[in-house]
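Model, not experiment: these values are computed from the prediction.
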Amino acid sequence: MTIQELFIINLKAYRKIRRISQTQLAELCDSSTGYIGEIESGKRFPSVKMIERIAGSLDIESWHLFKNEAINSNFSKDSAKLTPTQKDEIKKMANSALSKILDRF
């Protein structure tokens, strides 16, 4: 698997986990929906600056977009057991989401 393929898999997975459409991600990144679509289809690869904006919009560190593990399995109903690392990742995401909700009140 290439770095670009890994990046695309992780980008799509984190975007779906966050329930953010390509249009919403484009708005958060101050980009166009077409550009995000081209990134996800493998037609273009973002600059380091854009990778940082994408990661920030997804509320993750940039390196998460290059992790070589199937993050989709972290959230699959079919997963029998989660590794400690996967559990920690889920806890971090849940805490982040909860903090955002509480900040609104």
Side-chain angles (χ1 to χ4, degrees):
M1 178 180 315
T2 68
I3 289 175
Q4 184 174 7
E5 291 168 334
L6 184 59
F7 178 86
I8 291 167
I9 289 167
N10 287 328
L11 171 59
K12 288 179 181 180
Y14 277 110
R15 188 173 57 74
K16 289 177 183 177
I17 289 165
R18 300 286 193 264
R19 297 177 188 223
I20 297 175
S21 68
Q22 285 184 350
T23 302
Q24 291 168 317
L25 181 60
E27 290 172 5
L28 292 168
C29 294
D30 194 30
S31 185
S32 71
T33 303
Y35 182 60
I36 298 299
E38 288 176 343
I39 292 170
E40 288 193 2
S41 67
K43 293 178 184 171
R44 297 190 65 182
F45 193 78
S47 66
V48 171
K49 187 173 183 176
M50 179 55 82
I51 290 169
E52 290 172 346
R53 289 182 5 208
I54 289 169
S57 297
L58 296 171
D59 197 29
I60 58 173
E61 296 291 329
S62 300
W63 62 269
H64 284 279
L65 294 168
F66 297 96
K67 284 178 20 180
N68 192 12
E69 63 179 58
I71 66 168
N72 284 327
S73 67
N74 292 356
F75 303 94
S76 171
K77 292 178 183 176
D78 298 329
S79 294
K81 294 183 179 181
L82 297 174
T83 66
T85 303
Q86 291 169 328
K87 289 178 184 179
D88 287 343
E89 186 67 27
I90 292 168
K91 287 177 188 175
K92 286 178 189 174
M93 285 187 223
N95 286 334
S96 175
L98 182 58
S99 292
K100 287 180 182 179
I101 291 168
L102 293 174
D103 286 345
R104 292 182 185 170
F105 294 102

Straight-line distance of [X] [atom1] to [Y] [atom2], nearest 0.5 Å:
| X | Y | atom1 | atom2 | answer |
| --- | --- | --- | --- | --- |
| I51 | I39 | CD1 | CD1 | 8.5 Å |
| I9 | N68 | CD1 | CG | 9.0 Å |
| I36 | L28 | CD1 | CG | 9.5 Å |
| I20 | I54 | CD1 | CD1 | 11.0 Å |

For [X], which residues count as a side-chain contact (heavy atoms from CB on, under 4.5 Å) partner, sequence neighbours excluded?
| X | answer |
| --- | --- |
| I60 | Y14, R18, A55, L58, H64, L65 |
| S99 | none |
| I3 | F66 |

Quiz prompt | For Q24, all residues meeting side chain to side chain donor-acceptor pair (under 3.5 Å), sequence neighbours excluded | solution = S21
Practice problem: Not counting sequence neighbours, which residues clear side chain to side chain donor-acceptor pair (under 3.5 Å) with E40? List them please. | Solution: R15, Q22
Exercise. Look at atom CD of E61 and say whether more than 12 heavy atoms of other residues, nucleotides or ligands are closer to it than 6.0 Å.
Key: no
Exercise. Give a yes or no on whether the backbone of K67 and the side-chain of N10 come within a donor-acceptor separation of less than 3.5 Å.
Key: yes
Enumerate donor-acceptor pairs with a distance under 3.5 Å from any side-chain N or O in residues 42-49 to protein atoms, sequence neighbours excluded.
{"unit_1": "R44", "atom_1": "NH1", "unit_2": "E38", "atom_2": "OE1", "d": "3.4"}
{"unit_1": "S47", "atom_1": "OG", "unit_2": "M50", "atom_2": "N", "d": "3.1"}

